[in-house]
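Below is one structure; the comments refer to it alone.
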Amino acid sequence: MEMRVMTDGKRRRSLAVAAAVLGGVMVLSACNGDDGGSASGSATPPSQAQVDEAAEAAKTSKAQITISPKTGTQNASINKDAKVTVAEGKLTEVTMTSAEGTVVKGEIAADGLSWKPTEQLERATVYKIAATATDAAGLEAHENSSFTTVSKANSFIGNFTPEDGSTVGVGMPVSITFNKAITDKAAVQGGITVSSSSGQEVVGHWFNSQRLDFRPDDYWAEGSTVTLKLELDGVEGADGVYGVQQKTVTFKIGRNQVSTVDVATKTMTVTQDGKTIKTIPISAGSPENPTYNGQMVISEKFKETRMNGATVGFTDSDGKGEYDIKDVPHAMRLSTSGTFIHGNYWGPDSIFGSSNTSHGCVGLNDVKGAGDPNQTAAWLYDHSIVGDVVIVKNSKDKTIAPDNGLNGWNMSWADWKAGSEV
């Protein structure tokens, strides 16, 4: 008759029973011996060989199943912790379910020695794994485990830019914003690598406890491929707070376009790969509201968008914005604080190239509705991509802060590297 195989705990109890049975046999032999001795004396313990013989007689499987995480584990990874392995046998069945009964898809390896899920687990979820294996004699062994994955409260993620598969300008840094404050910056940065097919050295810089940017010394080489690897699963970023991301992202660097705004001459010169392709008259910030100087990176593009002065501190005495334009055409963001390069249809044509009149943005001639491709603002919009560089010079204002947008190029390479934790 085939016997069911037990878990390790049951197997140990079986061996104990077998030992007791052997011991009982020895006691009975002593009671019925020729010497007529008392049955109250202690029996001689069975030898290991006798115990092994009893276990062999019980037909116990030699397969040894190991499940990870162990039963009772809290804060388990949602990516790589769950797995089943077996020694001296082959896995025949593994089932993984959530506490609600949802089945998790998984796969037994071709050699039958391991199993792992083929889909990402959910956070803050109780999972159960039941595994069956057989040894060379065809005897079954069973093992079970129940564990809980890391909760949202005990985990962190990094939201990154640019997007996977995108093509960006030469100034585009890799910028990661974490949803929780990081106290062990070295551990987290150590789980992130950024590399370029150009071979450029790439270094990370922490602006604060939640933002980490990566860039090379000079702009990315045009036509290169940049790879971001997030290997943060299980990395403890703060006390009791763990990463959950395992992801690889690649993006392409496009042509080298740099647009230089000269506030004094009120012109913009657009170059591609070092050659001037267009000169455009502009209107920058007024003397009362000058435009920042410095190297800025286009981070967003909007064919039309609303601009309300109240959102960036330009208000009248009644608290309303000094301006509220609901359809600003061909707008491209240069800073978090509200600096844009955009079309302007409300100013007369005569201001472009002759007067600086804005609240700090760089304006180009345009029409209401963004429908005329012959306007200079439309041309620049159509020829620009996220990550292109816009340099502003000869303004009366200060240089923009490196963390105001994606503008870390305004920091020296030595200062940039000083903000790395690895």
Side-chain angles (χ1 to χ4, degrees), residues 1-26 45-150 231 233-235 242-244 246:
M1 180 179 72
E2 183 183 11
M3 297 189 66
R4 300 295 292 175
V5 179
M6 297 152 272
T7 62
D8 288 343
K10 293 181 178 179
R11 190 181 298 139
R12 287 193 292 270
R13 288 194 293 272
S14 176
L15 293 174
V17 171
V21 170
L22 288 171
V25 170
M26 294 184 69
S47 68
Q48 184 62 50
Q50 290 172 313
V51 173
D52 293 343
E53 184 179 352
E56 180 65 25
K59 300 291 185 182
T60 300
S61 175
K62 294 182 179 180
Q64 301 173 23
I65 300 171
T66 301
I67 298 178
S68 178
K70 295 180 179 180
T71 291
T73 296
Q74 302 291 318
N75 293 323
S77 163
I78 63 174
N79 290 293
K80 63 182 182 181
D81 274 4
K83 60 182 177 180
V84 181
T85 58
V86 64
E88 297 191 58
K90 297 290 182 71
L91 292 168
T92 57
E93 183 179 9
V94 178
T95 58
M96 183 175 185
T97 57
S98 68
E100 292 75 25
T102 302
V103 176
V104 177
K105 295 179 181 178
E107 187 176 72
I108 295 176
D111 59 10
L113 299 180
S114 63
W115 173 94
K116 62 180 181 181
T118 55
E119 59 186 70
Q120 189 180 69
L121 307 184
E122 299 293 330
R123 285 189 281 185
T125 301
V126 177
Y127 287 100
K128 297 179 180 181
I129 296 179
T132 303
T134 58
D135 63 9
L139 299 176
E140 287 187 343
H142 303 273
E143 192 62 73
N144 298 275
S145 179
S146 177
F147 60 91
T148 305
T149 53
V150 64
E231 297 179 324
D233 195 24
V235 174
Y242 301 88
V244 295
Q246 289 289 117

Heavy atoms only: give me the nearest [X]-[Y] pair and the separation to one decimal.
X: Val86; Y: Ala133; result: CG2-CB, 3.8 Å
X: Ile65; Y: Ala141; result: CD1-O, 3.4 Å
X: Ile108; Y: Leu91; result: CD1-O, 4.1 Å
X: Pro117; Y: Val104; result: CB-CG1, 3.9 Å

| query | Tell me the side-chain hydrogen bond (donor to acceptor under 3.5 Å, both in side chains) pairs involving residues 104-118, sequence neighbours left out? | reply |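 Pairs touching residues 104-118 that pass the test: none.
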
| request: Write out all pairs satisfying side-chain hydrogen bond (donor to acceptor under 3.5 Å, both in side chains) with one or both partners inside residues 120-133, taking only residues at least two apart or from two chains. | output: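 Residue pairs passing side-chain hydrogen bond (donor to acceptor under 3.5 Å, both in side chains), neighbours aside: Asn79-Gln120, Arg123-Ser155, Thr132-His142.
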
Only counting residues at least two apart or in another chain, list the ones meeting side-chain contact (heavy atoms from CB on, under 4.5 Å) with [X].
X: Asp135; answer: Ser61, Lys62, Ala63, Ala137, Leu139
X: Ser145; answer: Ile67, Thr71, Phe147
X: Glu100; answer: Ser98
X: Lys70; answer: Thr73

| From Glu143 CD over to Ile129 CD1, what is the distance, rounded to the nearest 0.5 angstrom? | 11.0 Å

| message | Rounded at 0.5 Å granularity, tell me how far OG1 in Thr85 sits from CD in Gln64. | response | 10.0 Å

| Hey, mind stepping through Lys90 and Leu113 against side chain to side chain contact (heavy atoms under 4.5 Å, CB included) and telling me if it holds? | CA-CA 6 Å; Lys90 297 290 182 71; Leu113 299 180; 4.0 Å; yes

| Where do Met96 and Val84 land on the side chain to side chain contact (heavy atoms under 4.5 Å, CB included) test, with the steps shown first? | CA-CA 11 Å; Met96 183 175 185; Val84 181; over 6 Å; no

| message | Tell me whether Asn75 contacts the main-chain N or O of Tyr242 through its side chain, where contact means a donor paired with an acceptor under 3.5 Å. | response |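 Not confirmed, Asn75 side chain does not pair with Tyr242 backbone.
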
